[in-house]
Number of protein chains: 2
Amino acid sequence: MQHRRNTKQRQAIYDVLAEKGTPLSPREILDHAQSHVGGIGMATVYRTLKMLTGEGLVQSVEIPGEAPRFELTGKDHHHHFYCRGCERVFEVEGCPTGLAALAPAGFSVEAHELVLFGRCPECGPAGKSAKPADSVHRCCSRE
Amino acid sequence: MQHRRNTKQRQAIYDVLAEKGTPLSPREILDHAQSHVGGIGMATVYRTLKMLTGEGLVQSVEIPGEAPRFELTGKDHHHHFYCRGCERVFEVEGCPTGLAALAPAGFSVEAHELVLFGRCPECGPAGKSAKPADSVHRCCSRE
DNA sequence: GTAGCTGCAAATTCTTTGCAGTTGT
DNA sequence: ACAACTGCAAAGAATTTGCAGCTAC
């Protein structure tokens, strides 16, 4: 009988995600959680994330070319912006309309995932400390 | 001095991608390439894909929750449609406009990545042989 | 002939699992 | 109490790298 417990590790992981607000990698979650609960292990992070994800409290964010990150759910529908300068992920509100129209006839579109690539205000509009553009981050360069 | 050679393995991998047309995983590429060149190894596939990617002949396609796949470049700008029924990836022409407007002021959008999730004509519009919706494939269910 | 390419196996990295001990409830 | 949860270490899976032999040019 599943009766989910409220352990300090579980709470710590949730708190880390709530405090940071932005998508974090399992590694980052572990590091931050360590300061809340000493000795917490990687396995617990993965297990807890899977558990929280299953409960719908957490969702994964996948940026092409990047390791998966996790964030709390419950926010409005949004997408992500990946800064090529600092490699941080930001949230973007709203989403384009008419996506269903892109698919050919006969295809039913149930959901979508969108990621924007570029530079955040702090990293400046042009290539400075940028890492060389990865082949994954191609796509059209317009917009 | 790099002078790139035209080996049969390299050719086989390129041919496989050209024949299939759709994004393939390294594993699939290996399997198909084996029928062209016996004894080809996984390492060669990975090395060659990286090489071809560096040359701009190939690009990777990353579907959230899925292992990376590869396809030939040179097609028009397009996005992908992932069928939750058969797990195949289709290409979608065109792309939404006004994406740059989604990012907050100060952010410069250089590129974008879009994936549509749903069902292809063959798998029918509703859940039949569908796998349970993965937590990654969430996003809004409208459109 | 020679540098680049290949296959194999070992090495990495990331994630999952087995288990005995610990801890909410 | 007792099952769920945890940490650690071993197990897996995916990708990369070292190296000696092979091969296109």
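No hydrogens, no waters, no symmetry mates; every other heavy atom, side chains included, goes into these values. Labels below follow one simple rule: chain letters A, B, ... track the order of the sequence lines, proteins then strands, and each chain is numbered from 1.
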Rounded to whole Å, how long is the line connecting atom [atom1] of [X] with atom [atom2] of [N]?
X	N	atom1	atom2	result
B:N6	C:dT6	CG	C1'	15 Å
A:L30	C:dC14	CG	C1'	13 Å
A:L49	D:dC5	CG	P	14 Å
B:E62	D:dT15	CD	P	10 Å
A:R69	C:dC14	CZ	P	13 Å
B:Y46	D:dA13	OH	P	13 Å
B:M42	C:dC5	CE	P	19 Å
B:K50	D:dT16	NZ	C1'	7 Å

5' priority, DNA chain D, between B:A67 and B:T7 [closest heavy atom]: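 Checking each residue's closest nucleotide, the 5'-ward one belongs to B:A67.
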
B:Q9 side chain near D:dT23 phosphate (N/O to OP1/OP2, under 4.0 Å):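 No, outside the criterion.
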
Given [options], which nucleotide is nearest the side-chain atoms of [X]?
X	options	value
B:T48	D:dT6, C:dT6, D:dC8	C:dT6
A:R47	D:dT15, D:dG7, D:dT16	D:dG7
B:K8	D:dA24, D:dA9, C:dG7	D:dA24
A:T44	D:dT16, D:dG7, D:dC5	D:dG7
B:P26	D:dT15, C:dT25, D:dT16	D:dT15

Nearest heavy-atom neighbours spanning B:P26 and B:V45: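 Heavy atoms of B:P26 and B:V45 come nearest at O-CG1, 3.9 Å.
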
Check: B:H112 ring centre within less than 6.0 Å of B:H77 ring centre: yes

Check ion pair B:R69-B:E91 (N to O, under 4.0 angstrom): no

Salt bridge A:R88-A:E28, side-chain N to carboxylate O under 4.0 Å: no

Presence of donor-acceptor pair under 3.5 Å, side chain of A:R5 and base of C:dT23: yes

Any donor-acceptor N or O pair under 3.5 Å, side chains A:H80, A:E113: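 The answer is no; no qualifying pair exists.
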
